[in-house]
Protein chains: 2
Amino acid sequence: MTTVLIADDQPMQRFGFRMLLESQDDMTVVGEAANGTEAVRQVAAHHPDVVLMDIRMPGLDGIEATRRIIAAGARTRVLIITTFDLDEYAYDGLRAGASGFLVKDAQPEELLAGVRAVAAGDAVVAPSLTRRLLDTYIHHLPPTPRAAPAPEDPRLTSLTDREREILTVIGQGWTNTEIAERLHLAESTVKTHVGRVLAKTGTRDRIQAVILAYDTGLVKPA
Amino acid sequence: MTTVLIADDQPMQRFGFRMLLESQDDMTVVGEAANGTEAVRQVAAHHPDVVLMDIRMPGLDGIEATRRIIAAGARTRVLIITTFDLDEYAYDGLRAGASGFLVKDAQPEELLAGVRAVAAGDAVVAPSLTRRLLDTYIHHLPPTPRAAPAPEDPRLTSLTDREREILTVIGQGWTNTEIAERLHLAESTVKTHVGRVLAKTGTRDRIQAVILAYDTGLVKPA
DNA sequence: GGCGGTGTCGTACCGGGGTACCACGCACGG
DNA sequence: CCGTGCGTGGTACCCCGGTACGACACCGCC
């Protein structure tokens, strides 16, 4: 039987978690806390297997509570649950010793799987954060023998010279009107070119085209 | 509709994956490959959204195939699936550019959720590996950007934390609607934030903001 | 207590961006 | 000589982005 403590400042949120967890016959909720201080106290009292920990709570927040729980050396695993998948405290939560990080809009099954995973000593991270985690850290690791200077990005090969020129100025932030003026074209012509560039590169709008221009090196940061 | 390519040297394994994926009405299998070379070729031919990539295959293995697919610059995401959750090649796979790493004994639902996550641009890592990943790396990593030891660009100093967050996602090409959804805000709120970011940074539209995000290093090229 | 900063949400308006569809001239190669 | 790709141009339409107003709640600080 996996024992769980719920730490969240919203009563309805706690209720929802409790209902979900209690519906499983291998889990039981041994306590609730509405702030970090209370969470730390409850962990010391009940030694749950897992704490569902919200980040934003009045007083002591979830991060600091996690840090104290881990520092206390308990066997308790902390699974951070937050509404904000871009919360920059996510890293801090994991560094504080949390075993996982999930967002509240996850499917109930995902949450349950997450609880079971951390209870078993594994760790879980929401896909949206995993992506950033990998992007941020993986590449700092030992040399990736990435060969080949790559002469031209394949996403650009289908473009004609004119279209590549258009993409370049799009990447420099020019509006259609500016492109028309500076390249001595009609605005309708510019629109035609831009439309074809977007179609060929598979980008949905000029914003994505700007990003593509930077990512492919067609335009370089100042 | 998410298009998937299956790369595995075991025919029965491919069959199982195909049955599972085809049972979903938002997925379709566009090809199969029994080795790395074939996988690279099939990706070039079909440009699938996702490749289910086994590591151990005769000839070109899954890691090297992943490296080549990513190096080719395709939009295709690679999701590595292996029997061995302790396979030390896992890191190499992620470093090679894979968007995820799952083990074959995962529940079918987990696999499907993983495919959908990577198709959406997110990333997934099996809980058993996530634990090792965090243990290995998180604790000795550079501080979060929020700590910002790096001298901040003066054009960004006037921004609040929230506004800087908004600028970051603008730089990643998100539309106002997407920002609202993923950050759980009303679109009107997003517009307010965006408007203030543009005013404070002196940029005329989000295009210029994207460029600023790249130029200041707030967003880095892929 | 009051006051400013921040974050949130709303309505209304307008212009530019993007698409769809079509058209014409030119250069090139089968 | 005619098809095809490319560059150029036009019209009509719709939607998103950006602005201009508001409004309210929370919080820290004077």
Side-chain angles (χ1 to χ4, degrees), chain A residues 9-10 34-36 54-61 82-89 104-105 156-213, chain B residues 146 156-213:
Chain A
D9 62 332
Q10 299 178 5
N35 58 65
D54 187 27
I55 289 188
R56 301 203 180 185
M57 290 189 290
L60 195 69
D61 68 23
T82 183
T83 310
F84 313 96
D85 70 338
L86 277 181
D87 200 311
E88 28 186 86
Y89 292 105
K104 285 183 181 173
D105 62 0
L156 306 182
T157 50
S158 64
L159 299 180
T160 65
D161 289 345
R162 193 55 153 170
E163 287 161 357
R164 188 174 289 100
E165 185 180 6
I166 297 291
L167 177 55
T168 304
V169 296
I170 289 177
Q172 286 164 353
W174 297 15
T175 64
N176 287 340
T177 308
E178 289 171 344
I179 298 175
E181 286 174 357
R182 306 193 201 179
L183 265 53
H184 305 101
L185 294 174
E187 185 161 345
S188 60
T189 303
V190 176
K191 285 193 171 189
T192 303
H193 283 312
V194 172
R196 275 203 274 264
V197 168
L198 298 185
K200 286 188 178 181
T201 57
T203 48
R204 70 178 169 204
D205 54 32
R206 69 196 299 117
I207 313 270
Q208 301 295 331
V210 170
I211 294 174
L212 178 67
Chain B
R146 181 171 47 78
L156 305 182
T157 50
S158 64
L159 299 181
T160 66
D161 289 345
R162 194 53 154 170
E163 287 161 357
R164 188 173 291 102
E165 184 180 8
I166 296 292
L167 177 54
T168 303
V169 297
I170 289 177
Q172 287 164 353
W174 297 17
T175 64
N176 287 340
T177 308
E178 289 172 341
I179 298 175
E181 286 174 357
R182 305 197 201 177
L183 264 55
H184 308 102
L185 295 174
E187 186 161 345
S188 62
T189 303
V190 176
K191 285 191 172 188
T192 303
H193 283 312
V194 172
R196 275 202 275 265
V197 168
L198 297 185
K200 286 188 177 180
T201 58
T203 47
R204 70 179 168 201
D205 54 32
R206 70 196 299 116
I207 313 269
Q208 301 295 330
V210 170
I211 294 175
L212 178 68

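Computed from a prediction, not measured in an experiment: that's the story for all the values here. Labels below follow one simple rule: chain letters A, B, ... track the order of the sequence lines, proteins then strands, and each chain is numbered from 1.
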**Q.** Nucleotide dG18(D), atom P - distance to CD1 of I166(B) in whole Å
**A.** 13 Å
Q | With sequence neighbours excluded, residues passing side-chain contact (heavy atoms from CB on, under 4.5 Å) with V169(A) | A | Q172(A), W174(A), I179(A)
Q) Toward the 5' end of DNA chain C, which comes first, K200(B) or E187(A), by nearest nucleotide? A) K200(B)
Q | Whether Q208(A) side chain and G173(B) backbone form a donor-acceptor pair below 3.5 Å | A | yes
Q. So does H193(B) get a side-chain nitrogen or oxygen closer than 4.0 Å to the phosphate oxygens (OP1/OP2) of dT8(C)?
A. yes
Q. What integer distance in Å separates E178(B):CD from dG17(D):C1'?
A. 14 Å
Q. How many angstroms lie between OG1 in T160(B) and CD1 in I166(B), if you round to the nearest 0.5 Å?
A. 8.5 Å
Q) Can L156(A) and L212(A) be said to form a side chain to side chain contact (heavy atoms under 4.5 Å, CB included), step by step? A) CA-CA 9 Å; L156(A) 306 182; L212(A) 178 67; 4.1 Å; yes
**Q.** Heavy-atom closest pair, residues A213(A) and G171(A)
**A.** CB-CA, 4.0 Å
Q: Starting from the first five and the last five pairs of the helix from dG1(C)-dC30(D) to dG30(C)-dC1(D), work out the angle between the resulting helix axes, to 10 degrees.
A: 30°
Q: Would you mind reading off the distance between D9(A) atom CG and dC26(D) atom P, rounded to a whole angstrom?
A: 13 Å
**Q.** Distance in Å, R206(A) CZ paired with R206(B) CZ, rounded so as to fall on 0.5 Å steps
**A.** 13.0 Å
Q. What pairs with E178(B) under salt bridge (Lys or Arg N to Asp or Glu O under 4.0 Å), at least two apart in sequence or on another chain?
A. R204(A)
Q. Taking all atoms of both residues into account, what is the closest heavy-atom pair of A180(A) and A186(A), and its distance?
A. CB-C, 4.1 Å
Dump the pairs, protein N or O against N or O of nucleotides 27-30 of chain D, anything under 3.5 Å, distances to one decimal.
none

Q) Below 4.0 angstrom from OP1 or OP2 of dC16(D), is there any side-chain N or O of T177(B)? A) no
Q: Identify the two heavy atoms, one from V197(A) and one from L159(A), that lie closest to each other, and give their separation to 0.1 Å.
A: CA-CD2, 4.3 Å
**Q.** Interatomic distance, I179(A) CD1 vs dG9(D) P [rounded to whole Å]
**A.** 14 Å
(Q) Base, sugar-phosphate or nothing for S188(B)? Non-hydrogen atoms, less than 4.0 Å. (A) base
Check: protein-nucleotides 18-27 of chain C nitrogen or oxygen pairs below 3.5 Å:
unit_1	atom_1	unit_2	atom_2	d
dG18(C)	OP1	R206(A)	N	2.5
dG18(C)	OP2	R206(A)	NH1	2.7
dG18(C)	N7	K191(A)	NZ	3.1
dG18(C)	O6	K191(A)	NZ	2.8

Q: To the nearest Å, give me how far apart CG (D161(B)) and P (dG5(C)) are.
A: 17 Å
Q. Looking only at heavy atoms, which two atoms of I170(B) and A209(B) are closest? And how far apart?
A. CG2-CB, 4.1 Å
Q. Over how many whole Å does the gap from L185(B) atom CG to dA25(D) atom C1' extend?
A. 15 Å
Q | Spacing between R162(B) atom CZ and dT8(C) atom C1', to the nearest angstrom | A | 9 Å
Q) By side chain to side chain donor-acceptor pair (under 3.5 Å), which residues pair with R162(A), not counting sequence neighbours? A) E165(A)
Q: Can you measure from CG (L167(B)) to NZ (K200(B)) and round to the nearest 0.5 angstrom?
A: 12.0 Å
Q. OP1, OP2 of dT8(D) versus side-chain N and O of T189(A): anything below 4.0 Å?
A. no
